[in-house]
Amino acid sequence: RDPTIQSAKSVEDVIPAESRSQAEKVMAEFRRCRGQNLLLVMDGWDELPLYLHTKSLFQNLIAYPETLNLHFSSVIITSRPIASSDLYHCISSRVEILGFTPTEVKDYFTEVLGGESQTIQKLQNQLKERPLIAASCYLPLNAAIVCHLFRAQDYKLPTTLHELFTLLVLGCLKRHVAKQKRERERQRITSLNNLPLDLQQFFKDVCTLAYHGVMNNCVTFPLEYLKTHGLPTISETLGLMQGMESFTTLESSPSFYFLHLSVQELLASFYISKLPAEEQALVFKKLFREPRFAAVFRFFTAFTKLETDGLRKIVASIVQGGDKSQLLYLLHGMYEAQAPSLCQFVGSQLGGELDLSATPLSPVDSLTLGYFISCICLTTVGEFKAVLQNCSLDDYRITFFVKELSKCTSSAITQKAMLAVLDAGLSSGLELTLDLWNNDVGAEGAALLCGGSIYSLKTLDLCY
């Protein structure tokens, strides 16, 4: 992302030397031995603009080192796998870090919680009831956040990512106030909407910075950029950002970044939620095709429940547009919002059928889908069909799906829906059809679906 890196024409341009002449001297020595014992680490290939992937200094260093007289040099590249396929033909080995395995997650929790068996079991039991939080723990940083909040919140876990990162932000704000020995004010920080007066402007400035970063797809910010947004020193970022020195310039040039990408996205969505309703809709029209739309949209949905007319029009356009990836974004947002009325509105726009056929569904996608359908069943009268043909659903994903869908029981149907059922002379509020043709659902998944826990299920198609 650094302009100095992107404009580099020679290796000397990126050597962290005190002067240009020293950089040239260093590289002359490496070229003399044709790159022997030279190891180059290129961190963040996926952050380079696409045009630099095919023709640039960095492409030459990786694929054609002989053109730079560095025949025997070695290169390590870090990147997200999805953005590095253009390198596969010219690399000798590839390592993909998958994060914690389930066993490693358990081992980590055991170590952090001091081996206290009852506490560990309580955490594991709560994670079983909160599969979205559990699924995020494969990232070590997320596992650390979950453990910290579990202890800080009297051994209780949040249900959604919105709740998780909101609690993290509130914790950072409390710590900032505690450092100033203002215990009374620290205890009063319970909501982002009710902060001490002296924090409100700084918090607004940090949210504004997060918003501009999202709109420009920036994750690091030079100190001068912070100053233009009312944050002259790192202390004014309220503990929500960290700083580091740049290695690409001769002078001291610190850059700052948010503690977690999701913190930046949460704060950006909070900023948008405070704009006038018509401006909120305009912002999302701009964000619609941007890389971080999905992440911001789910948090924004949780903050606002998409209740204004302008936002409901955006929801209607997503539903009617038929873009299945955007429908998935909407499902994730509705789960984060935990708002059955929003699900009911989306259901009314779908006209009785949700078609996600040929869309591979992850375990988390399956969870959010189950939540949406359960809300439809609890608040709607009539028939509803979910077409999930060829969606890569297997027994593991079905467990996520049924976990939420099984909440649709006769005892949970809303009074309003039950009255409509009685008026219509029906036996249940909604008759549900699941079309799971051409998936990999085995005996275990079929048993979960047919076990009687889904009150409204009328038809189940498991043809292969």
Side-chain angles (χ1 to χ4, degrees), residues 127-135 159-160 298 319 324 327-348 350 352-357 359-414 417-418 421 426-463:
L127 286 172
K128 286 179 182 178
E129 295 299 316
R130 298 162 175 81
L132 182 60
I133 302 299
T159 299
T160 66
R298 69 184 178 191
V319 174
K324 294 175 183 178
L327 284 173
L328 286 179
Y329 299 159
L330 189 55
L331 289 173
H332 283 250
M334 289 187 289
Y335 183 83
E336 291 293 331
Q338 296 287 297
S341 61
L342 175 58
C343 296
Q344 187 177 13
F345 172 77
V346 172
S348 69
L350 286 167
E353 179 174 305
L354 172 62
D355 184 1
L356 291 175
S357 56
T359 306
L361 298 179
S362 70
V364 174
D365 294 335
S366 305
L367 177 79
T368 61
L369 176 62
Y371 171 77
F372 169 68
I373 294 177
S374 71
C375 288
I376 293 296
C377 293
L378 296 174
T379 59
T380 308
V381 175
E383 296 184 358
F384 190 83
K385 181 177 182 180
V387 182
L388 306 173
Q389 298 181 7
N390 194 26
C391 286
S392 304
L393 289 169
D394 53 16
D395 288 352
Y396 179 62
R397 288 166 172 77
I398 288 297
T399 60
F400 282 78
F401 179 62
V402 172
K403 186 162 194 65
E404 287 296 325
L405 194 54
S406 61
K407 293 178 181 178
C408 176
T409 62
S410 57
S411 60
I413 292 181
T414 62
M418 185 58 74
V421 169
L426 301 174
S427 59
S428 65
L430 182 138
E431 294 180 336
L432 174 64
T433 296
L434 298 177
D435 182 352
L436 301 176
W437 182 82
N438 201 27
N439 284 286
D440 194 23
V441 180
E444 183 182 347
L448 286 170
L449 289 163
C450 300
S453 61
I454 307 173
Y455 175 72
S456 297
L457 184 61
K458 175 188 177 185
T459 305
L460 177 65
D461 187 349
L462 286 172
C463 294

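- To the nearest 0.5 Å, the span separating CG on Leu405 from CG on Leu448 amounts to 11.0 Å.
- Val364 is listed as a side-chain neighbour of His332, based on a closest heavy-atom distance under 4.5 Å.
- Within the model, atoms CZ of Arg130 and NZ of Lys403 stand 10.0 Å from one another, a figure rounded to the nearest 0.5 Å.
- Of all heavy-atom pairs between Cys343 and Tyr371, the closest is SG-CE2, 3.8 Å.
- Between Phe401 and the choices Leu367, Thr368, Leu449, Leu393, the side-chain contact (heavy atoms from CB on, under 4.5 Å) rule is met once, by Leu449.
- Here the closest heavy-atom approach between residue Leu432 and residue Cys377 is recorded as CD2-SG, 4.2 Å.
- In plain terms, the two heavy atoms of Ile133 and Thr159 that are nearest each other are CG1-O, 3.6 Å.
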Leu330/Phe372 under side-chain contact (heavy atoms from CB on, under 4.5 Å): CA gap, chis, key distance, verdict: CA-CA 10 Å; Leu330 189 55; Phe372 169 68; over 6 Å; no
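- Between Gly370 and Glu404 the shortest heavy-atom distance is C-CB, 3.5 Å.
- Note that CG of Asp365 is 9.0 Å distant from OG1 of Thr359, once rounded to the nearest 0.5 Å.
- For the atom pair CG of Leu327 and CG of Leu354, the computed distance is 6.5 Å after rounding to the nearest 0.5 Å.
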Pair Glu353-Val387, side-chain contact (heavy atoms from CB on, under 4.5 Å): steps then yes or no: CA-CA 7 Å; Glu353 179 174 305; Val387 182; 3.8 Å; yes
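- In terms of heavy atoms, Leu361 sits closest to Ser366 at CB-OG, 4.1 Å.
- In this structure, Met334 CE and Leu369 CG are separated by 9.0 Å, a value rounded to the nearest 0.5 Å.
- Neither side chain, Gln389 nor Asn438, offers a donor N or O lying under 3.5 Å from an acceptor on the other.
- Residues Glu336 and Arg298 come closest through the heavy atom pair CB-O, 3.6 Å.
- Residue pairs meeting the salt bridge (Lys or Arg N to Asp or Glu O under 4.0 Å) criterion with at least one partner in residues 369-378, sequence neighbours excluded, do not occur; the list is empty.
- Taking CG from Asp355 and NZ from Lys324, the interatomic distance works out to 4.5 Å, rounded to the nearest 0.5 Å.
- Take Asp394 and apply the salt bridge (charged side-chain N to carboxylate O under 4.0 Å, His left out) test, not counting sequence neighbours, and it matches Arg397.
- In this structure, the side chain of Gln338 engages the main chain of Tyr335 through a donor-acceptor pair within 3.5 Å.
- Under a 3.5 Å cut-off, the side chain of Asn439 and the backbone N or O of Ser392 do form a donor-acceptor pair.
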